[in-house]
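Here's the structure we're looking at; comments come further down.
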Amino acid sequence: MSKPDVAVVDAKTSGNVGTIARAMKNFGFEDLLLVDPPYLGRDSEAYGFAGQAREDVLPNARELSFEDLTSEFHTVGFTAITNEDATKHVRFPFRTPAELSESLADVESNTALVFGRERVGLTNDELAQIDEVASIPASHDYPVMNLGQAATVALYELRDLAMNETQLPDVERHRAEEESIERFHDHAEDFLAEIDYPEEKRDKAMRMLRRMVGRTHPTGREINTVLGLLRRAENQME
């Protein structure tokens, strides 16, 4: 599967186009498509907002018509406002970006993620020509996001479609050895006796403690630190 392209329709401010180009660079997307773009010269806000994307994503952007966009690509249009059911189907059904990441992984055709203008987004007429609809979950009281922000959130959620690795190291969880964990449980049981915890409640307390530790998968250093705290408490009591 090729990486999806990113299309911006009729943006009014070049700064938003630059912000989207930067987000593309952050999350591995490369090809920017522009329908009726604003002025995007080297002296525009777009280049000031684009970061390192000013070197490739932004200058290599391709301008095309909306008709060419919908005819050449499998299109996914983003909107903040959806319909509630199939009785009004221009903005329904829809997927969230997280759901879209999984579904697009199986799409082999050229795909474009389409974002609309700042004030009104994509119109109903435009969405009627688009293959599928996506929407970012947001506050019911104020779901409309800035164009650049919306694209950044969406591209982050869809990053697995564009890149195989990040700058973060591949860190494995170093769970403490079972011998150390059992030693902690034995010590905790002795501690309950030392503080005169009600005997009839000890089994339940130990069971809950075991389940809690089992869910957290502590490291060796973590379990040894907690053991040290128990020993320190016992020494203070003595």
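In this text, all values refer to a predicted model and were calculated from it rather than measured experimentally. We count residues from 1, following the sequence as given.
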Could you tell me whether Arg183 and Glu177 make a salt bridge, using a distance below 4.0 angstrom between a side-chain N and a carboxylate O? no
For Met208, does the CE atom have more than 12 heavy-atom neighbours from other residues, nucleotides or ligands under 6.0 Å away? no
Of the non-hydrogen atoms in Ile130 and Gly77, which two are nearest, and what is the gap between them? CG2-N, 3.4 Å
Kindly say whether Glu179 contributes a backbone atom to a donor-acceptor pair with the side chain of Glu182 at under 3.5 angstrom? no
Under the rule for side-chain contact (heavy atoms from CB on, under 4.5 Å), what residues qualify as partners of Met212, not counting sequence neighbours? Leu209, Arg215
We want to know whether Asn16 and Glu118 form a side-chain donor-acceptor pair, criterion being a heavy-atom distance below 3.5 angstrom. yes
Closest non-hydrogen atom pair, Ala134 against Leu100: CB-CD2, 4.0 Å
Inspect the surroundings of OH in Tyr142 and state if more than 12 heavy atoms from other residues, nucleotides or ligands are less than 6.0 Å away. no
Scanning both residues in full, the closest heavy-atom pair of Ala205 with Tyr197 reads CB-CE2, 4.0 Å
Crowded around Glu72 CD? As in, over 12 foreign heavy atoms under 6.0 Å? yes
So which of Thr19, Leu58, Leu40 actually passes side chain to side chain contact (heavy atoms under 4.5 Å, CB included) with Ser14? Leu40
Identify the heavy atoms of Val17 and Ala11 that sit nearest to each other, and give their distance. CG2-CB, 3.8 Å
Under 4.5 Å between side-chain heavy atoms, counting indirect links through other Ile/Leu/Val/Met/Phe/Trp/Tyr residues: same cluster for Leu155 and Phe49 or not? no
Flag yes if Leu227 and Met206 sit in one hydrophobic cluster, no otherwise; membership is Ile, Leu, Val, Met, Phe, Trp, Tyr, and two members link when side-chain heavy atoms are under 4.5 Å apart. yes
State yes or no: do Leu161 and Tyr156 share one hydrophobic cluster built from I, L, V, M, F, W and Y residues joined by side-chain heavy-atom distances below 4.5 Å, directly or via other members? yes
For Glu102, is there an ion pair with Arg95 - N to carboxylate O distance below 4.0 angstrom? no
Pairing donors with acceptors under 3.5 angstrom, does anything connect the side chains of Ser101 and Asp160? no
Taking Ala112's backbone N and O only, do any of them form a donor-acceptor pair with Thr75's side chain (distance below 3.5 Å, no angle check)? no
Taking the inter-plane angle between the rings of Phe115 and Phe78 on a 0 to 90° scale, is it parallel (under 30°), tilted (30 to 60°) or perpendicular (over 60°)? parallel
Inter- and intrachain pairs under salt bridge (charged side-chain N to carboxylate O under 4.0 Å, His left out), touching residues 23-33, at least two apart: Lys3-Glu30, Lys25-Asp56
Charged N-O contact under 4.0 Å between Arg202 and Glu189: no
Closest heavy-atom pair and its distance - Pro218, Val213: CD-O, 3.4 Å
Common cluster, Leu230/Leu192, ILVMFWY with side-chain heavy-atom separation under 4.5 Å: yes
Could you tell me which non-hydrogen atom of Leu158 sits nearest to which non-hydrogen atom of Leu113, and how far apart they are? CD1-CD1, 3.7 Å
